[in-house]
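Input: a single structure, listed below in structure tokens.
For ligands, and for the atoms within them, numbers begin at 1 and follow the listed sequence.
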Amino acid sequence: MTILNQKQILLGITGGIAAYKSVELLRLLKKAGANVDVAMTAAALRFVGKTTFEVLSENPVITDLWEDSHGSVAHIDVAARCDAAVIAPATANCIAKLAHGLADDALTTTFLAVTAPILICPAMNTHMYENIRVQRNLDILEQDGVHILDPDTGTLACKTTGPGRLPDPWVIVDRIVHMLTAQDFAGRQVLVSAGPTLEPIDPVRFLSNHSSGKMGYAVARAAEMRGASVTLVTGPVNVTPPVGVNTVFVQTCNDMAEAMLAHMDAADIIIQVAAVADFRPDQQKNLKIKKTSDQDGMTLTLVQNPDILKTMGDCKRPDQFLVGFAAETHDLAASAVKKIEKKHLDMIAANRVGGEDTGFQTDTNKLSVFLKDGSQTDIPLMDKQAVAHSLLDIILAQLERRR
Ligand code: PMT
């Protein structure tokens, strides 16, 4: 979330039950280093007190155009100084006023003066949300360049089930980061794989590896943040899928091969981060293999899995950019360069595995990136999200050079 550091965010809160989630939203923004100004409607104050937001934001909260002026035009000042503005939750009433340029309270007046990007997070009863008039107002705002975060679907406070729930605060923060990020991958289709594959032996046992999915998910998230349309094909992991990414869940190497090849045609950039199992048991038993008391051991026969990356390298179009990863314990450069040739790649990113701060499971990584012409760029040890952005910078530079 480093992009939020030192950024000025305006947080508007209107009168819905979800207003309590705005406390956590404010806390997350502050934790990410943002300075936050808060504006609340009179209805919002009925759900959560002003003091909570004043203490957490360390700023006066705007609730009244006349009482909070402190000798200056406070609402104009906060509108002018913000880098991004968000209304969460946004009621149907507030959405209607913003869509039609009405400014009859402190919040709507303040937001009318904002020139920075605005994110609106509607939260209300499902029937209200689906009402044609609310949808029309949201369309007007969207056409005006206002960002809209669709509500979550679930059981609402009014006991209705359907769309209308305010998304989790971390999702709202994620979308604010998205608004502030340069969209230098806009218009590009990126296909990423992540995680391990899992090769079943019987219904309870499998062969796999230590991949946590963190590196591949970071690459998918970074590409989406920068405006790409992203498909992520992932083996089984415990990482939350990135917001805004089309995520396809697979288990085995064969499943992953099928999913990658199905999405490959539409992709401009393909980044194979997954740790694919090279072998699988020759047969998958339908029943659990029983251990017998007189058994010394057992032999498992393995057969080779398809090499997904090589298959893609063999059939890729000249306009597609194919990136492989190489997990090495030693001879990093020599092994990685061999893989570029063997698998017909445009680029390979090699990382050392088996160490404490790079490779499998870790939150950090360090990459040596090799191009077809043998040139090398090193990405220093950083958290995997930052490493992913540096990798995308290198890819973008290569694509610019192709033009
Ligand atoms: O998931 P994390 O815990 O964050 O860990 C990240 C990572 C270490 C898994 C990742 O950074 C990484 O190195 N991924 C590649 C792992 C790997 O399989 O490396 P390899 O050198 O064995 O394979 C080379 C390339 O061929 C890889 O892009 C791999 O996806 C691909 N491959 C390999 C075998 C196979 N049958 N099909 C393939 O497509």
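Look at R165 and D150 and you find no salt bridge, because none of the NZ, NE, NH1 or NH2 atoms lies under 4.0 Å from a carboxylate O. Between K366 and D378 there is no salt bridge, since none of the side-chain N atoms of the basic residue sits less than 4.0 Å from a carboxylate O of the acidic one.
At least one side-chain heavy atom of I379 sits less than 4.5 Å from a side-chain heavy atom of V369.
Within 6.0 Å of CZ on R133 lie no more than 12 heavy atoms contributed by other residues, nucleotides or ligands.
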For ligand 1, run through the N/O pairs with the protein that fall under 3.5 Å and put one pair on each line.
| unit_1 | atom_1 | unit_2 | atom_2 | d |
| --- | --- | --- | --- | --- |
| ligand 1 | 1 (O) | S211 | OG | 2.6 |
| ligand 1 | 1 (O) | S212 | N | 3.1 |
| ligand 1 | 1 (O) | G213 | N | 2.8 |
| ligand 1 | 3 (O) | S212 | N | 2.8 |
| ligand 1 | 3 (O) | S212 | OG | 2.6 |
| ligand 1 | 3 (O) | Q361 | N | 2.7 |
| ligand 1 | 4 (O) | S212 | OG | 3.4 |
| ligand 1 | 4 (O) | K214 | N | 3.4 |
| ligand 1 | 4 (O) | M215 | N | 2.9 |
| ligand 1 | 4 (O) | K384 | NZ | 2.7 |
| ligand 1 | 5 (O) | G359 | O | 3.4 |
| ligand 1 | 11 (O) | N351 | OD1 | 2.5 |
| ligand 1 | 13 (O) | N351 | OD1 | 3.4 |
| ligand 1 | 13 (O) | N351 | ND2 | 2.9 |
| ligand 1 | 14 (N) | V273 | O | 2.8 |
| ligand 1 | 19 (O) | A327 | N | 3.3 |
| ligand 1 | 21 (O) | A327 | N | 3.2 |
| ligand 1 | 21 (O) | K339 | NZ | 2.5 |
| ligand 1 | 26 (O) | K343 | NZ | 2.9 |
| ligand 1 | 28 (O) | Q272 | O | 2.9 |
| ligand 1 | 28 (O) | F325 | N | 3.0 |
| ligand 1 | 28 (O) | F325 | O | 3.1 |
| ligand 1 | 30 (O) | A274 | O | 2.6 |
| ligand 1 | 36 (N) | P306 | O | 2.9 |
| ligand 1 | 37 (N) | I308 | N | 3.1 |
| ligand 1 | 39 (O) | Q272 | NE2 | 2.8 |
| ligand 1 | 39 (O) | I308 | N | 3.4 |
| ligand 1 | 39 (O) | L309 | N | 2.8 |

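Put simply, the side chain of K288 never gets that close to the backbone of P203: no donor and acceptor are under 3.5 Å apart.
Qualifying salt bridge (charged side-chain N to carboxylate O under 4.0 Å, His left out) partners for E58, counting only residues two or more places apart in sequence or in other chains: K30.
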